[in-house]
There are 2 protein chains.
Amino acid sequence: MTRILIADDHDVVRSGLHTILSAQPGWEVVAEAEDGRQAVQLATDTQPTVAILDYRLPSLNGVDATREIRAIAPQTEVLIFTMHESEPLLRELLEAGARGYLLKSDARKFLIAAVESLALHKPFFTGKISETLLSAYLSHGHVSDGALTTRERSVVQLIAEGHSNKEVAQMLGINPKTVESHRATAMRKVDVTSTASLVRYAIRNGLIEP
Amino acid sequence: MTRILIADDHDVVRSGLHTILSAQPGWEVVAEAEDGRQAVQLATDTQPTVAILDYRLPSLNGVDATREIRAIAPQTEVLIFTMHESEPLLRELLEAGARGYLLKSDARKFLIAAVESLALHKPFFTGKISETLLSAYLSHGHVSDGALTTRERSVVQLIAEGHSNKEVAQMLGINPKTVESHRATAMRKVDVTSTASLVRYAIRNGLIEP
DNA sequence: CCGCAATTGGGGAAAACCCTGAGTTTCGCC
DNA sequence: GGCGAAACTCAGGGTTTTCCCCAATTGCGG
C-alpha cells in the first residue's frame, strides 16, 4: 500500500490531487494539509510513503517542511510540487532532502510516474535544469554553491524587502560598507546593474514573496 | 441545468474543480480548456452558463479572454479564479465584463456559492477590495482611475523593468528630472520609500512580469 | 474663469553604485 | 596540523542615481 500525504494551501489543488491519486490501485491519500506546520505534524502522525508538498506553503515553506519531515520521518520521500523551475530553489531542496521535483504544468504527464518512483525510493525530477543538477548531486553527494553565498542571499533578501544598506547593516550587525560589498558582488554574480532588477531576481528565485 | 466551462493551465486544478462542481446536482462541466484561446473557442461552441477562468492563462490572459467571451457568448457569465487580490486587475476585469471574482484561497468556502450566484446572473466577489470597488462600479457604471496616473504607471513600469531615471527619460522623450518627479509622486501614492518596494508593488499589481 | 490635477522641471542632500585593496575567519583536503 | 580557497569583514574615495522639497505649465470640468 502506498500511503500519500498532500500539502497545498489551495483546496482545489488538493481535491484534484486526491481524485487523481486515489484512482490508482493500491494508493491511498492518508492526510491533507493546508500549511507547512500541519504537513509536518501529519507526516509525523501518519508516516506516509510519499509526501507531496507545494513549495509555497503558509507558516512553513516547502524547504523547511522538507527538512523537518526528513528528520522526523526518514522513510517518507518528499515530492515538491511547484509552479516555476528555479535553480537555487532546486539546489536548496536537494540539500534539504527532497527526492522529487514536479512542475505543476507537468502534473498530468508525470504525477503518477513521480509518486510511483518515489514510492520505490528512486528520485524523480522534471524540468530542464533538473537533469544536470541532479546528476551532479548524485555523483558528488552535494551540489556546487549557487550563484550567491549565504550572506549575499540574506543581504539581497533584505534589500529586496525594501530596506536600505544602512538598515540591513543594523539588522545583520555589520558595517554598512560590508553590506555594500555583498550587494555589489551579488549584483555582479546575477548580472544586474540596478536595485529594480535585483528585486525581480529575488522574486523570481523565491528569495522573497512578491 | 447549469453548464460550466473550466479554464486553467494546471490540470490538477481542473480536476479539482471538476470533481467539486460535478458533485452538485443539476451542474455539469461541459468543457475544459488549458489556455485562453481554447477557452474562447470552447465557450463559443458550448455556450456555457458560467465560465470559470484562471487569470493566468497561456496564449490569452483572463482579461482578454473575458472580453472575447462576453462579445461572442453574452449570456455566459465569467467567473475569474485567481491567486492574489489586485485592485488594478479587478478594475480591468469589471470593465472587461467579468461578473465574478474568486480567490483561490477562498475556493472551498465560496466556489459553490459563486457559481450559483453567477448562474442566476448575479455578481459574486470575494476579497477585501472587492466590496467597495464593486459598489462604486454598480452605481456609476464605471470605476474611477486607480492610484496612479497614466504617466506615473509608465514610469513605474520602466523603472521596475530595471531602467534608470535617465534611460526612462530617453524612452519617454522627457527630462530625467520629470521622471524623478513622477517616480516620487507614484512612490508617495503607493506608500513606499524605496525602489525595491516599488518594484514589488509593480509585480504584485501586474504592471510587469516577475 | 477658476480650481484642480496632471505633467513638466530645478536644487540640494542622501543613498546607491563602482573599484581597489586588505585583514580575518572558515572550511575542505592532503 | 598545515595549506589554500573561498567567504566574510571593512576602508577610501570617487561617480552616479535616488530621494525630497519646491515651482511653472498645461488642460479639463464645474
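Note that the coordinates shown come from a computational prediction; the quantities given were computed from them, not determined experimentally. Numbered from 1 within each chain, the chains take letters A, B, ... in sequence-line order.
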Could you please name the option among D:dC10, C:dC18, C:dT8 that lies closest to any side-chain atom of B:S181?
-> C:dT8
Compare all side-chain heavy atoms of A:W27 with those of A:I112 and state whether any distance is below 4.5 angstrom.
-> yes
Side chain to side chain contact (heavy atoms under 4.5 Å, CB included) between B:F81 and B:L17: does it pass, once the steps are laid out?
-> CA-CA 11 Å; B:F81 190 51; B:L17 288 172; 4.2 Å; yes
Distance, rounded to the nearest Å, where A:N175 contributes CG and C:dA22 contributes P = 18 Å
Within residues 159-170 of chain B, the residues having a heavy atom closer than 4.0 Å to DNA chain D are B:S164, B:N165, B:K166
What is the distance, rounded to the nearest whole Å, between atom CG of A:L198 and atom P of D:dT17?
-> 17 Å
If we only count heavy atoms from C-beta on, is the A:V115 to A:F124 side-chain gap below 4.5 Å?
-> no
Heavy atoms, side chains only, cut-off 4.5 Å: are A:D9 and A:D35 in contact?
-> no
d(B:M171 CE, B:H163 NE2) to nearest 0.5 Å is 3.5 Å
Is there side-chain contact between A:E209 and A:R56, with heavy atoms separated by less than 4.5 Å?
-> yes
Here the distance between atom P of D:dT9 and atom CD1 of A:I174, to the nearest Å, is 5 Å
Can you find a side chain N or O atom of A:T178 that sits less than 4.0 Å from OP1 or OP2 on D:dC10?
-> yes
Identify, between B:T185 and A:T195, the residue whose nearest nucleotide on DNA chain C lies closer to the 5' end.
-> B:T185
Would you kindly give the CZ-to-P distance between A:R183 and C:dC18, to the nearest whole Å?
-> 10 Å
Carefully, step by step, assess B:V78 and B:I80 under the rule side chain to side chain contact (heavy atoms under 4.5 Å, CB included).
-> CA-CA 6 Å; B:V78 174; B:I80 295 290; 4.1 Å; yes
Given C:dC18, C:dG11, D:dT9, which nucleotide is nearest the side-chain atoms of A:E180?
-> C:dC18
Whole Å only: how far is the CG atom of B:L172 from the P atom of C:dA6?
-> 17 Å
Has B:T149 got a side-chain N or O lying under 4.0 Å from the OP1 or OP2 atom of C:dT7?
-> yes
Do the side-chain N and O atoms of A:E152 and A:T185 include a donor-acceptor pair separated by under 3.5 angstrom?
-> yes
Given DNA chain D, 5'-ward residue of the pair A:H182 and A:K177, judged by closest heavy atom | A:H182
Measure the spacing between CD of A:E116 and CD of A:Q24 and express it to the nearest 0.5 Å.
-> 7.0 Å
Atom CD in A:Q170, atom CG in A:N175: separation rounded to 0.5 Å?
-> 11.5 Å
Does a side-chain heavy-atom distance below 4.5 Å link B:L53 with B:T82?
-> no
Mark up nucleotides 25-30 of chain D, 5' to 3', with B wherever a protein heavy atom is under 4.0 angstrom from a base atom, S wherever such an atom reaches only the sugar-phosphate, and - elsewhere.
-> ------
Pairing stems for DNA chain C [at least three consecutive pairs; Watson-Crick or G-U; under 3.5 angstrom] = C:3-16 with D:15-28, C:18-30 with D:1-13
